[in-house]
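Down below is the structure, laid out as structure tokens.
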Amino acid sequence: MHNRLGGFSMADTGVVETLLQRIEKVDGGVDSPGVAASLGVDHQVIVGAVKSLQALGDVISAELRSSKHWELTEEGTEIAEQGSHEARVFNSILLEGLPQAELMKLSFGKIGFSKAMSNKWIRVDKSYEGGPRIFRTVESIEDQVREKLLLVKQGNAAQLDEKEKNELKKRKLLAEVTVKSYWITKGGSFSTTITKQEAELTPEMIATGSWKEKKFKPYNFEAMGVAPNCGHLHPLMKVRTQFRQIFLEMGFSEMPTNNFIESSFWNFDSLYQPQQHPARDQHDTFFLSDPALAHEFPLEYLERVKKVHSEGGYGSQGYKYDWKMEEAQKNILRTHTTAVSARMLYKLAQQEKFTPVKYFSIDRVFRNETLDATHLAEFHQIEGVVADKDLTLGHLMGVLHQFFTKLGITKLRFKPAYNPYTEPSMEVFSYHEGLKKWVEVGNSGVFRPEMLLPMGLPEDVSVIAWGLSLERPTMIKYGINNIRELVGHKVNLQMVYDSPICRLDS
Amino acid sequence: MVLKAELKSTNRILAHCCRQLHSTFRVLFSLTWLGLSANMPTVGVKRDFLFKALGRTYTDEEFDELCFEFGLELDEITSEKEIISREQGDSKASGASDVILYKIDVPANRYDLLCLEGLVRGLQVFKNKLEPPRYRRVSPDSGGPQRLIITKETAAVRPHAVAAVLRNITFTQERYDSFIELQEKLHQNICRKRSLVAIGTHDLDTISGPFTYTAKAPGDICFRPLNQTKEYTATQLMSLYRTDSHLRHYLPIIEDKPVYPLIQDSNGTVLSMPPIINGDHSRIRLQTKNIFIECTATDLTKAKIVLDIIVTTFSVYCAQPFTVEQAEVVYPDGKTCIYPELAYRKEKLSAEFINKKVGISESTERIAQLLTRMCLLSQPTGVRDEIEVEIPPTRPDVIHACDIMEDAAIAYGFNNITRTTPPTYTVANQFPLNKLTELLRQDMAAAGFTEALNFALCSQEDIADKLGKKISQTRAIHISNPKTAEFQ
């Protein structure tokens with residue numbers, strides 16, 4: 001049979017039709033619960049019919065109404081059938097009484113007991129031999145609670161006053177239920193015949209030309225489509241890619257930083273950081289137990305480093321302490337990628353003729369620290385180095401300015417600072433519009449001659465360098481407060497899925 | 001009145017919060033490169049005393065700005081009450097002092113700025129309010145210098161010692177507190193928690209030289225230590241101080257040695273048992289007029305620096321300011337040295353050197369003036385653009401001409417230097433491994449994989465036990481000092 005209503009299930013068809021017919025007959029409108037009752041179907045079925053009709057356009061107009069009425073809860077229904085707990089307690093006490101222990105075993109015992117006691121229907125004789133025993137105090141009782149509930153069940157809730165209803169509500173026997181119903185009236189384009197809107201344009205329709213007579217359901221451009229399966233890049237790595245871009249755009253070459261392990265010599269000694277320095281402590285650095293010592297060093301260079309630490313030279317007074325080989329041999333997890341910069345500068349110094357260079361690196365470093373919301377044992381350091389003749393502090397500021405401009409930071413200020421291997425050293429501050437304050441964004445300096453000259457670099461060559469962490473700008477950009485939510489295996493992958501593209505300069 | 005006070009405190013709280021936020025950012029940034037800022041010592045000074053000594057008052061912003069220029073950081077503005085309140089709760093704080101304290105962060109290599117007197121000296125000279133003081137070592141008015149005789153037993157545990165005397169000094173409570181604080185700061189900083197150098201200061205009028213620096217077996221040492229009422233042997237002291245939150249950290253320095261260092265006077269009175277504790281007998285009080293200072297050490301260079309710093313800083317309160325009375329130290333082999341060294345070193349450099357390195361162009365005279373403002377008294381020599389710089393004993397951090405150059409730049413003002421672009425022409429190259437990685441990452445994500453960022457550090461369990469492998473078969477490296485069992 002040709003189904004005019006296309007898409008509807010056979011069960012619904014009848015309901016919708018009947019509903020339309022009802023509405024047609026009536027002058028005003030119909031009330032959905034009423035229709036449901038007369039058709040003998042669940043109210044929800046009528047609601048379904050109403051919604052499908054609404055989807056077709058202006059056929060009907062349905063006004064949402066809500067009304068409250070009282071209903072028995074599950075417990076309430078149980079009581080209505082079997083009587084209230086206290087009544088059942090009363091009824092289970094025979095003439096000779098009932099031991100309290102036994103009563104408590106019954107399902108209604110506990111609640112019923114206390115209620116019955118407060119109604120003064122029963123009494124307890126605590127001194128009875130064999131244990132406390134309960135006796136009736138009155139001959140018979142009226143189970144008022146049950147009666148009230150029965151009234152409600154029969155639909156006569158109105159006969160109870162507010163106070164009684166609230167009391168029963170407190171005991172969780174009655175519940176106030178909001179019923180949403182529809183007042184349905186004829187709509188602008190009312191008719192008892194329904195034409196369903198088509199959802200798809202099929203080739204047959206085009207071929208036969210039948211599309212001219214059909215009504216089409218409008219596209220819902222607001223609907224969220226099915227998300228396609230896709231992969232995701234980690235936000236920290238996205239920021240890393242952007243920084244790499246910035247350096248490459250500025251003509252900086254990438255240093256080979258693929259070694260997490262470094263000897264103390266390259267990590268500290270070659271950088272003119274003394275062996276007694278606190279940063280070389282057990283507390284700050286990860287020392288290796290296996291492999292514990294490094295053995296291959298450019299020996300001539302090592303001797304020069306030893307001399308400049310312990311005696312001075314190259315215009316320096318030196319630190320004047322006993323420089324120990326064993327200390328330099330200790331293997332560690334590198335604490336900064338400046339160790340790699342040192343290696344690169346040494347290599348540069350071995351060239352026949354000096355050529356200026358610009359190097360950068362962005363890689364992982366390790367610190368042996370107590371962990372908290374902003375500190376991890378491993379994180380990423382960004383470092384830039386420029387080596388050329390006659391570079392000045394002004395040049396360093398210029399490079400920093402160019403670098404930070406690419407990050408969208410244009411207001412910079414510099415503060416004198418101290419690092420063991422740079423002199424002068426500057427902390428870089430930028431103005432934070434939100435906090436209305438100058439915030440540190442990096443650290444920089446000119447490498448000391450005691451570091452460069454033993455390598456063999458010409459005297460007029462200056463090396464300027466700066467660094468910052470990768471995690472901090474990422475956390476600010478992506479609004480993450482706890483570093484453990486960004487890095488590591490305990491990260492919520494949803495964060496990775498949802499992280500937007502990284503645009504550093506806006 | 002009430003409203004104004006409230007507004008003020010709200011401002012202060014806001015500023016405090018800003019500072020807290022700021023320092024959180026700051027810590028992570030600076031910790032990551034060159035990792036030293038975390039070790040910046042903090043000096044607490046009473047604001048009003050500081051301003052009095054500086055000769056003028058500043059608003060918080062003005063002082064913050066001054067610190068920024070000079071290379072200090074005004075880390076926190078607080079009061080004793082606030083500190084106690086924050087650490088132990090408001091109830092414990094009632095009755096504590098409301099006096100405003102400035103907490104100033106000082107660069108780790110500026111031992112001369114570790115107390116109010118040092119800061120004042122540095123800032124006054126910087127602002128041209130004071131000439132750099134000239135420190136002199138003098139002989140005693142009568143009699144010979146105090147003598148400290150080192151015996152050979154010390155060689156096993158703590159071989160070096162230096163000494164000096166501050167004559168006719170006048171203490172007030174603040175000066176006294178500052179004196180004690182400076183010693184503590186030096187102990188924490190250059191002395192590497194007393195392991196390299198330990199400082200002892202004594203009331204010279206309660207003891208009589210010559211003094212002996214020796215080392216004895218723990219059982220043979222017995223004296224009444226500072227703040228105690230009875231005598232203890234050294235062995236007993238080790239157990240006594242094991243629970244002392246401050247001193248227990250220093251016990252391991254000498255604990256296992258066969259002999260412990262000991263300084264006594266000619267009557268056998270114990271001055272101190274370095275590096276643990278001084279004797280109570282020779283303790284310094286407010287009324288003390290003459291101080292005997294001794295520093296024992298495993299590193300002689302540092303001991304000399306420490307002594308110089310203490311005596312130069314506090315000689316300002318002596319009847320003859322900036323003079324220090326010498327003391328003689330006699331080594332086991334008979335060699336004698338006079339301390340404090342108070343060495344003034346001269347270095348010559350050219351104005352061109354400074355101008356070129358910093359990127360400015362100042363006249364020779366002007367540069368000499370800039371350096372003098374940093375306590376480096378300088379004069380043009382008259383030979384071309386040569387300048388002779390005198391490095392005082394208060395600046396042991398100046399070990400190369402580049403240190404002098406930095407000071408010139410600071411006096412000039414970093415932010416006054418013109419920014420220029422280096423003319424360095426380079427063609428950039430990517431590291432091949434990283435280049436490939438970047439390409440791979442993109443396509444792997446396009447293929448539907450999500451990038452994860454794991455720790456390199458893991459536990460032994462994670463890579464061996466839980467996978468049923470032997471740890472020796474994995475090519476893992478092992479860390480000798482992990483802080484947690486997660487990272488091995």
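Lettering of chains follows the sequences in order, A, B, ..., and the numbering in each one begins at 1.
Contact of B:Phe449 with chain A is made through the backbone alone, with heavy-atom distances under 4.5 Å. For A:Tyr497, the part sitting under 4.5 Å from any heavy atom of chain B is the side chain, from C-beta outward, and nothing else. Contacts between A:Val446 and chain B at a heavy-atom distance below 4.5 Å are absent for every atom of the residue. Looking at B:Glu347, only its side chain comes within 4.5 Å of chain A, counting heavy atoms on both sides. The contact between A:Leu233 and chain B is made by backbone and side chain atoms together, counting heavy-atom distances below 4.5 Å. Interface residue B:Leu72: only backbone heavy atoms are found under 4.5 Å from chain A. At a 4.5 Å heavy-atom cutoff, the contact between A:Ile261 and chain B is made by side-chain atoms alone. Heavy-atom distances place both the backbone and the side chain of B:Asn429 under 4.5 Å from chain A. Neither the backbone nor the side chain of A:Ser361 has a heavy atom closer than 4.5 Å to any heavy atom of chain B. Contacts of B:Ala409 with chain A are made by side-chain atoms alone, with heavy-atom separations under 4.5 Å and no backbone atom involved. Heavy-atom distances place the side chain of A:Val496, and not its backbone, under 4.5 Å from chain B. For A:Leu400, no part lies near chain B; criterion is any non-hydrogen pair under 4.5 Å. For chain B, the nearby part of A:Phe252 is the backbone; its heavy atoms alone come within less than 4.5 Å. Interface remark: A:Leu271 contributes no atoms to any contact with chain B (heavy atom separation under 4.5 Å). For A:Asn368, the parts sitting under 4.5 Å from any heavy atom of chain B are the backbone and the side chain alike.
Between B:Arg395 and B:Asp403 no salt bridge is recorded (no basic side-chain N to carboxylate O distance below 4.0 Å). A salt bridge links A:Arg240 to B:Glu438: one of the charged nitrogens lies within less than 4.0 Å of a carboxylate oxygen.
Here OG1 of B:Thr301 is found 13.0 Å from OH of A:Tyr319. Values are rounded to the nearest 0.5 Å. Atom CG of residue A:Asn419 and atom CZ of residue A:Phe447 lie 9.5 Å apart, to the nearest 0.5 angstrom.
Under the 6.0 Å cut-off for aromatic ring centres, A:His277 and A:Tyr421 do not qualify, their centroids lying 6.0 Å or more apart.
By the ring-ring contact (aromatic ring centres under 6.0 Å, His included) test, B:Phe414 pairs with no residue at all, sequence neighbours left out. Shown here are the ring-ring contact (aromatic ring centres under 6.0 Å, His included) partners of A:Phe366, two or more places apart in sequence or in another chain: A:Phe260.
Here the closest non-hydrogen pair linking B:Ile399 and A:Arg448 is CG1-NH2, 3.3 Å.
Among the candidates A:Glu450, A:Arg244, A:Met255, A:Arg364, the residue making the largest number of heavy-atom pairs closer than 4.5 Å to chain B is A:Arg244.
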